[in-house]
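Everything below concerns the one structure shown next.
Only heavy atoms go into these numbers, but all of them, side chains included; no hydrogens, no water, no symmetry mates.
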There are 2 protein chains.
Amino acid sequence: MPHDHAALLKHIKADMPTDELLQDLGDLFKIFGDTTRIKIMYALYENEMCVCAIADLLNMTQSAISHQLKVLKAANLVESRRDGKTIYYRLADEHVKSIIAQGYEHITEK
Amino acid sequence: MPHDHAALLKHIKADMPTDELLQDLGDLFKIFGDTTRIKIMYALYENEMCVCAIADLLNMTQSAISHQLKVLKAANLVESRRDGKTIYYRLADEHVKSIIAQGYEHITEK
DNA sequence: TTGTCATATGATTAATTGTTCATATGTTCA
DNA sequence: TGAACATATGAACAATTAATCATATGACAA
């Protein structure tokens, strides 16, 4: 017969966040899981930037950048302000930096 | 004429990590960007677990779990040890916990 | 060795997703 | 109001990927 781990499972299950929260967590990391978006976040690490500057920097089309900024904004990872025709984006909070920094440590330490 | 930001770009470009590193960083977060893998990592947060216990816990097939554990292991996010027929998996290091914790904060704080 | 349990793996399929292209919206200035 | 610039958006296509199914590998016990 298969081996039993009902006792362990009961304990662990009690400590697990809800499925909804775990889903949200996965969705959040999914946003970090794209090179273009990572590059955008790095570009905004120190300063705000306008869309066309980001596009120039990454050597990509304005449209592609704009689509990705929309994704980042929907996840509350960036914020924006308008100044005339130009729209400047910046990181929304410190979590973005912490998450990236932790990931950076993980891949550079080994 | 389009507006100019050559000076800004030059500065930012100098501070950006290499494309290869940014790619690796994206690849790392991609792994966190799946609910099943997030659940597995949460399951292993406190204790090691065997594959079938994880499958039971998440109510998924052994095969699906095994495939995902392979992905996690390839990224050095989990490690394993064999005890007879059973193979136990555990988190590889503290970065996994930190990354998850940062993400958790981001989504629960607003 | 044979049977059973635990895990791994390869191929396939369905679903997700990032970029492109064309175009729309919004702002400024002459 | 019209022209130019900055940005946003919708549809379509290509590429990636997670789960499934069938099967293989590995360990143990009788």
Side-chain angles (χ1 to χ4, degrees), chain A residues 1-5 8-9 19 22-23 26-41 43-44 48-75 77-90, chain B residues 1-5 8-9 19 22-23 26-41 43-44 48-75 77-90:
Chain A
M1 87 208 99
H3 80 257
D4 185 50
H5 19 59
L8 175 65
L9 289 199
D19 266 33
L22 292 166
Q23 176 80 51
D27 289 345
L28 173 68
F29 286 120
K30 200 169 293 175
I31 295 173
F32 285 82
D34 174 77
T35 307
T36 298
R37 287 189 293 262
I38 286 280
K39 286 181 180 177
I40 292 175
M41 290 186 274
L44 302 178
E48 65 177 13
M49 284 180 84
C50 64
V51 180
C52 65
I54 300 174
D56 273 13
L57 176 68
L58 306 189
N59 205 31
M60 293 180 63
T61 65
Q62 173 270 320
S63 177
I65 300 301
S66 204
H67 277 296
Q68 296 305 345
L69 284 169
K70 188 179 188 179
V71 173
L72 290 169
K73 193 166 188 179
L77 296 173
V78 303
E79 295 169 343
S80 62
R81 71 178 177 89
R82 173 184 283 276
D83 178 19
K85 289 176 282 189
T86 307
I87 298 186
Y88 291 93
Y89 282 84
R90 62 180 176 279
Chain B
M1 85 205 107
H3 80 256
D4 185 50
H5 18 59
L8 175 65
L9 290 199
D19 268 32
L22 292 165
Q23 175 81 50
D27 289 345
L28 174 67
F29 286 121
K30 202 169 288 173
I31 295 174
F32 285 82
D34 174 79
T35 308
T36 299
R37 287 189 293 261
I38 285 280
K39 286 181 181 177
I40 292 175
M41 289 187 275
L44 302 178
E48 64 177 13
M49 283 180 86
C50 64
V51 180
C52 64
I54 300 173
D56 273 13
L57 176 69
L58 306 189
N59 204 32
M60 293 181 64
T61 66
Q62 174 270 321
S63 178
I65 300 300
S66 204
H67 277 296
Q68 297 304 343
L69 284 169
K70 189 178 185 178
V71 174
L72 291 169
K73 194 167 187 180
L77 297 173
V78 303
E79 295 169 343
S80 62
R81 70 178 178 89
R82 173 183 284 277
D83 178 18
K85 288 176 285 190
T86 307
I87 298 185
Y88 292 92
Y89 283 84
R90 63 180 174 280

Legend entry - Pairwise distance CD1(A:I40) to OG1(A:T35) - rounded to 0.5 angstrom: 11.0 Å
Inset, instruction - Please tell me if the side chains of A:E48 and A:R81 come closer than 4.5 Å, counting only heavy atoms from C-beta onward. - result: yes
Legend entry - Minimum-distance nucleotide to A:R37 side chain [options: C:dG18, D:dA19, C:dT7]: C:dG18
Inset, instruction - Would you indicate what B:Y89 reaches in the nucleic acid, counting non-hydrogen atoms under 4.0 angstrom: base, sugar-phosphate, or nothing? - result: sugar-phosphate
Legend entry - Any A:Q68 side-chain N or O less than 4.0 Å from OP1/OP2 of C:dT19: yes
Inset, instruction - Output the residues of residues 53-61 of chain B in contact with DNA chain D, where contact means a heavy atom of the residue under 4.0 Å from an atom of the strand; sort by number or write none. - result: B:M60, B:T61
Inset, instruction - Using whole Å, report how far CD1 of A:I31 lies from C1' of C:dT17. - result: 12 Å
Legend entry - Value in whole Å for how far the P atom of C:dC5 lies from CD1 of B:I87: 17 Å
Every protein N/O lying under 3.5 Å from an N/O of nucleotides 9-14 of chain D:
from   : atom 1 : to    : atom 2 : distance (Å)
D:dT9  : O4     : A:S63 : OG     : 2.6
D:dG10 : O6     : A:H67 : NE2    : 2.8

Legend entry - Length of the CG-C1' vector between B:L69 and D:dA19, whole Å: 14 Å
Inset, instruction - Take the angle between the ring planes of A:F29 and A:F32 and call it parallel below 30°, perpendicular above 60°, tilted in between. - result: tilted
Inset, instruction - Ignoring backbone atoms, establish whether B:H3 has a side-chain N or O less than 4.0 Å from OP1 or OP2 of D:dC5. - result: no
Inset, instruction - Rounded to the nearest angstrom, tell me the gap between atom CZ in B:R81 and atom P in C:dA6. - result: 15 Å
Legend entry - Nearest-nucleotide comparison on DNA chain C, the residue closer to the 5′ end among A:G33 and A:D4: A:D4
Legend entry - Nearest heavy atoms of A:L9 and B:A53, plus distance in Å: CD2-O, 3.5 Å
Inset, instruction - Quick one: pull up NE2 in B:H5 and CG in A:D56 and give me the separation to the nearest 0.5 Å. - result: 5.0 Å
Inset, instruction - Calculate, to the nearest 0.5 Å, the distance between atoms CE and CG belonging to B:M41 and B:D34 respectively. - result: 8.5 Å
Legend entry - Interatomic distance, A:L58 atom CG to A:R37 atom CZ [nearest 0.5 angstrom]: 13.0 Å
Inset, instruction - Mark up nucleotides 25-30 of chain D, 5' to 3', with B wherever a protein heavy atom is under 4.0 angstrom from a base atom, S wherever such an atom reaches only the sugar-phosphate, and - elsewhere. - result: -BBS--
Inset, instruction - Could you tell me the separation between the NZ atom of B:K39 and the P atom of D:dA18, rounded to a whole number of Å? - result: 14 Å
Inset, instruction - Output the distance between atom NZ (B:K30) and atom CD (B:Q23), rounded to the nearest 0.5 Å. - result: 6.5 Å
Inset, instruction - Would you kindly give the CZ-to-P distance between B:F32 and D:dA18, to the nearest whole Å? - result: 14 Å
Legend entry - Between P of D:dT16 and CG of B:D34, the distance in whole Å: 17 Å
Legend entry - Side chain to side chain, A:V71 and A:Q68, heavy atoms closer than 4.5 Å: yes
Inset, instruction - Have a look at A:L44 and tell me which of A:M49, A:R90, A:K39 forms a side chain to side chain contact (heavy atoms under 4.5 Å, CB included) with it. - result: A:M49
Inset, instruction - Keeping the roles fixed (side chain from A:R82, backbone from A:G84), state whether a donor-acceptor pair exists under 3.5 Å. - result: yes
Legend entry - Atom pair distance, as rounded to whole Å: CG in B:D27 and C1' in C:dG18: 15 Å
Legend entry - Separation between CG of B:L28 and CG of B:L77, rounded to the nearest 0.5 Å: 6.0 Å
Inset, instruction - Tell me what B:K30 touches on the nucleic acid: a base, only sugar-phosphate, or nothing, going by heavy atoms under 4.0 Å. - result: sugar-phosphate
